[in-house]
Amino acid sequence: MSPALQPRRIELGDVVLRPFVLSDEAAVADALRDPDILRWTGGTAVIRTPAELRARRWLEPRIDGWARGSAVFAIADAATDQVLGNVAVRDVNRVPDQAVVTYWVNPSARGRRLGARALNAAARWAFASDGLRLHRLSLDHSLVNEGSCRVATRAGFQLEGIMRDYFVEANGERHDSHLHARLATDPPPQLPGAAAGS
Ligand SMILES: CC(C)(COP(=O)(O)OP(=O)(O)OC[C@H]1O[C@@H](n2cnc3c(N)ncnc32)[C@H](O)[C@@H]1OP(=O)(O)O)[C@@H](O)C(=O)NCCC(=O)NCCS
């Protein structure tokens, strides 16, 4: 298991990255009603949970994630604290100096490049000397998930190759996936909200 992480808040102007709390359950339930969020990020255990219990099933391990080496952030509106999305830096140092990132944005908040901005900010913190001091972050997405590919590329995660039959849906369908990664030494992407705040 990865070592515990200190929960963190990262200010990005109009949005903030902050740990999830139990009162986010309704917002998570709303997000999990989006078929793409459920399909690509829900995970088999959540997908197989009755719909009315899914949000709690998704939320609880993510709130606890920090204690198990996964930095799971809500992307929240800075003014209202409403959850707009999620970005996570998972399995920190399970492979030394590395972690895996995931993200989703609620349909009502799409079209603002929030995914790329949040991913970039989380990556900067993960690489920073006053952050996680990691060297490599990777992510994968099904080849049919073109929006995720755009987010990854915009956030500076270069395409490294195709992993055949890598992603397996809850119904057993297999997908070839892109592997993207960003290194601490890569040039940072040009995006607003890039500062690694406290
Ligand atoms: C992927 C996701 C996070 C993008 O949300 P977002 O950050 O609000 O993205 P935006 O709507 O601002 O679009 C970002 C870019 O992707 C492009 N894009 C978005 N949806 C797209 C689609 N279905 N097909 C092709 N391109 C798409 C946009 O044109 C935009 O491109 P640009 O940056 O070159 O202008 C969101 O669609 C989502 O949560 N999807 C479901 C969960 C998911 O797939 N997560 C990733 C798992 S690997």
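Just follow the structure's listing: the first ligand is 1, and inside any ligand the first atom is 1. Reckoned from all heavy atoms, side chains included, excluding hydrogens, waters and symmetry mates.
Ion pair Asp14/Arg117 flagged as a salt bridge, since at least one NZ, NE, NH1 or NH2 atom sits closer than 4.0 Å to an Asp/Glu carboxylate oxygen. Between Glu146 and Arg150 there is no salt bridge, since no side-chain nitrogen of the basic residue lies less than 4.0 Å from a carboxylate oxygen of the acidic one.
Judged purely by atom type and a 3.5 angstrom limit, Trp125 has no side-chain atom pairing as donor or acceptor with the backbone of Leu132.
Sorted by first and then second residue, the ring-ring contact (aromatic ring centres under 6.0 Å, His included) pairs with a member in residues 75-105 read Trp58-Trp104; sequence neighbours excluded.
Atom CG in Asp24 sits 12.0 Å away from atom CG in Asp30 (nearest 0.5 Å).
Residues His175 and Leu143 are not in side-chain contact: their nearest non-hydrogen atoms beyond the backbone lie 4.5 Å or more apart.
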Ligand 1 polar-atom proximity to protein (N/O, under 3.5 Å):
from     : atom 1 : to     : atom 2 : distance (Å)
ligand 1 : 7 (O)  : Gly115 : N      : 2.8
ligand 1 : 8 (O)  : Gly111 : N      : 3.4
ligand 1 : 11 (O) : Gly111 : N      : 2.8
ligand 1 : 12 (O) : Gly111 : N      : 3.4
ligand 1 : 12 (O) : Arg112 : N      : 3.4
ligand 1 : 12 (O) : Arg113 : N      : 2.8
ligand 1 : 33 (O) : Arg113 : NE     : 3.0
ligand 1 : 33 (O) : Arg154 : NE     : 2.5
ligand 1 : 34 (O) : Arg150 : NE     : 3.1
ligand 1 : 34 (O) : Arg150 : NH2    : 2.8
ligand 1 : 34 (O) : Arg154 : NE     : 3.4
ligand 1 : 34 (O) : Arg154 : NH2    : 3.2
ligand 1 : 35 (O) : Arg113 : NE     : 3.4
ligand 1 : 35 (O) : Arg113 : NH2    : 2.8
ligand 1 : 37 (O) : Arg110 : NE     : 3.4
ligand 1 : 39 (O) : Val105 : N      : 2.8
ligand 1 : 39 (O) : Val105 : O      : 3.3
ligand 1 : 39 (O) : Arg110 : NH2    : 3.3
ligand 1 : 44 (O) : Asn145 : ND2    : 2.7
ligand 1 : 45 (N) : Tyr103 : O      : 2.8

